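Report on the following structure.
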Amino acid sequence: HQRKWVETAGAATASRAMDKEYVGFAALPNQLHRKSVKKGFDFTLMVAGESGLGKSTLINSLFLTNLYEDRQLPEASARLTQTLTIERRGVEIEEGGIKVKLTLVDTPGFGDSVDCSDCWLPVVRFIEEQFEQYLRDESGLNRKNIQDSRVHCCLYFISPFGRGLRPLDVAFLRAVHEKVNIIPVIGKADALMPKETQALKQKIREQLKEEEINIYQFPDCDSDEDEDFKRQDAEMKESIPFAVVGSCEVVRDGGTRPVRGRRYSWGTVEVENPHHCDFLNLRRMLVQTHLQDLKEVTHDLLYEGYRARCLQSLARPGARDRASRSKLSRQSATEIPLPMLPLAETEKLIREKDEELRRMQEMLEKMQAQMQQSQTQGEQSEAL
Amino acid sequence: MDPMRRFPLPPCPSDPQPRTPTLRDAEAEKHCLKMSNTVVVLWLPPGQSGLGKSTMVNTLFKSKMWKSTVQGLGTPTPQTLKLQSVTHVIEEKGVKLKLTVTDTPGFGDQINNDKCWDPILGYISEQYERYLQEEILITRQRHIPDTRVHCCIYFVPPTGHCLRPLDIEFLQRLCRTVNVVPVIARADSLTIEERETFRRRIQHNLRTHCIEVYPQKCFDEDINDRILNSKIRDRIPFAVVGADREHLVNGRCVLGRKTKWGIIEVENLAHCEFPLLRDLLIRSHLQDLKDITHNVHYENYRVCRLNESHLLPRGPGWVNLAQTPAGPLAAPQPSKVHQQAQEDSEDGDEY
């Protein structure tokens, strides 16, 4: 009863509002929440950067898992001939009843060899393949269970030992910035003194502007948010690129409570201390506040851009004729169903769609004929 | 390494104007060895800029070992763009040391770093060539100015994994021409356990790729040397941290890096191994570095060059060398020397 009532809430009239003061669609968010929770969330995160910058440790710290348990670090001699590979790891994390299916895409071998020319091409190809797969699924007939394997976010690790972005960093970022949300991160930030961190962040921001690299832009706060939230948001935006330190070890520092950190002989770095590093900001941004926005930007902006480019570049002359034949077609001449599938399947699907259109056309003609009939009958009855 | 063991070297040509020796000078010479050595220490790029090489230069000169402070090191170091040399004459207990440190720009920053080691090897060969040219003159100077590189410090970035392909390529080529001491740079990003693991891995990599770093096993002269050097070899590469600013710690003024969680003291052995590096270079193995450079590396270079010129000395003081070939030389091949010697001795018999 409750459900039926809510479904027709849009059509509710004053007559129905007998003893209820409100219509009841305030419960809509709860429905969304329930459905989302049941469906679960999925998120694909890519980490890129040269080896030894603390990528694996940071991922383990962020999600409090041990995704790299069985990892074997390649020997130096193996690295001499290593090429870039793309590795995918999946893990299901649950917290407070919310399930997240996290897919991690790793790029071991990036920036390792003496000659790193074009070493970013496999990564670009991987991202585009995911878009292609989604495009194919979306244009398919059965769209019930589309698996979204698109990369929603790329954490790019910059070395704290350099003086800003190196040529390889710039080349990689330029190759992927129109295809994936980039969040630049300074790894192993405990190697830097506070002034050095600020100077490095400033340098990186300037370089990003100079090279016209579009990193992920945080959406602005709504004006009705409270001051605290706005302040936090501004702080977060100020600290990009995030200078992070990762650790999965818990250390007991004197009499204080145990914290996650790295113990040195001169002190202990606390991972979750905002004065020590930006780990908390990154985690808040990535997981707590902007995960959904990252997915939306990937879908609405980056994927649509890819789709438009793809379809425009594959316009075929035959499709225009078919489109003009169909009266019901509201699509533009360049719209082609399924450009990426092999030819035989495409032809079959086009034929099926043609059949569907013909049937609908017949139905419409029938309906028109019926309407005309009823109209003439009505006129006749009026005349009588 | 007792400096008295070696024969006294002639005074450096860039000493102040020679004045008439007084009695005090004579006494001074009697009591201690007036060593004006030139040690050219080439700081090598690990393939990347920002690993603290220039800071290390400052740390070395600012460290409390020297009684006198060295001037002109207060300014922050900009990015090194070309080979720059800093020379200081330091004196301690009547012993003078002229230390030259050459800083190099960060090579290996590009996307394609193939052959980025050529400028460095070229520089080293150039110094050997200069010395050789002086040595083969008919009337040569009594003391040949020695600008040869006696030691090369290679900075390995603290990835914590193992040596990178670029490091291996670099080191393989360097070790054949100069004494190399690898160090783990910016070691304040590694905990003590991580440093040990990294060190063991690097040592394993060096063994696998047959890279002989200083102190080389084959040049240990006697059992004492071997014991001493084994201890050093166990600790190489040293995990160093460089700093050129001073901070107050427990009432003392120390060189260090100040972070929000503590101050890293450069001269504290519990924090980093910079004192070990400094002692190796200057306190204990300085003369040995020079000897090996002169007796081994320079001789190898000389043999190579003489082979290339296809002429061996026909008599005392007569050598004619062809022009220096461009680019770094190949590794010395002792078998060629024997062959050439045999051929020439046959030639010689004909005359």
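Chain letters run A, B, ... following the sequence lines, proteins first and then strands; every chain starts at 1. Keep in mind the model is a prediction, meaning the values are calculated, not measured.
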Listed once per pair and sorted, the salt bridge (charged side-chain N to carboxylate O under 4.0 Å, His left out) pairs that draw on residues 203-217 of chain B, sequence neighbours left out: none
If you tally heavy-atom pairs under 4.5 Å between each of A:His276, A:Lys188, A:Lys195, A:His275 and chain B, the highest tally belongs to A:His276
Residues in ring-ring contact (aromatic ring centres under 6.0 Å, His included) with A:Phe279, at least two apart? none
Which residue pairs pass the ring-ring contact (aromatic ring centres under 6.0 Å, His included) test when at least one of the two sits in residues 182-209 of chain A, sequence neighbours left out? none
CD/B:Glu196: more than 12 non-hydrogen atoms of other groups inside 6.0 Å: yes
Which atom pair, heavy atoms only, marks the closest approach of A:Ala191 to B:Asp188? O-OD2, 3.7 Å
Is the side chain of B:Arg186 donor-acceptor paired with the backbone N or O of A:Leu192 at a distance under 3.5 Å, no angle test? no
All heavy atoms of A:Ser51 vs all of B:His161, minimum pair found to be CB-CD2, 4.0 Å
To check you understand the geometry: which heavy-atom pair defines the closest contact between A:Tyr264 and B:Ser189, and what is its length? OH-O, 3.3 Å
Return the minimal non-hydrogen interatomic distance between B:Asn112 and A:Ser117, and the atom names on each side. CB-OG, 3.8 Å
Quick check on the structure: residues of residues 174-182 of chain A within a heavy-atom distance below 4.5 Å of chain B, by number. none
Atom CD in B:Glu194, atom CZ in A:Arg262: separation rounded to 0.5 Å? 4.0 Å
Heavy-atom contact with chain B under 4.5 Å, split by part of A:Leu53: neither
To the nearest 0.5 Å, what is the distance between CG (A:Asp169) and CD1 (B:Ile111)? 9.0 Å
Any idea which heavy atoms bring A:Val114 and B:Glu169 closest together, and the distance? CG2-CG, 4.0 Å
Greatest number of heavy atom pairs closer than 4.5 Å to chain A - which of B:Asp114, B:Asn268, B:Leu190: B:Leu190
Would a 4.5 Å heavy-atom cut-off, applied to side chains only, mark B:Trp261 and A:Asn273 as touching? no
Can you tell me which of B:Arg201, B:Lys260, B:Glu193, B:His204 forms the most heavy-atom pairs within a distance under 4.5 Å of chain A? B:Lys260
Which one of B:Ile192, B:Asn205, B:Thr259, B:Leu163 has the most heavy-atom pairs closer than 4.5 Å to chain A? B:Asn205
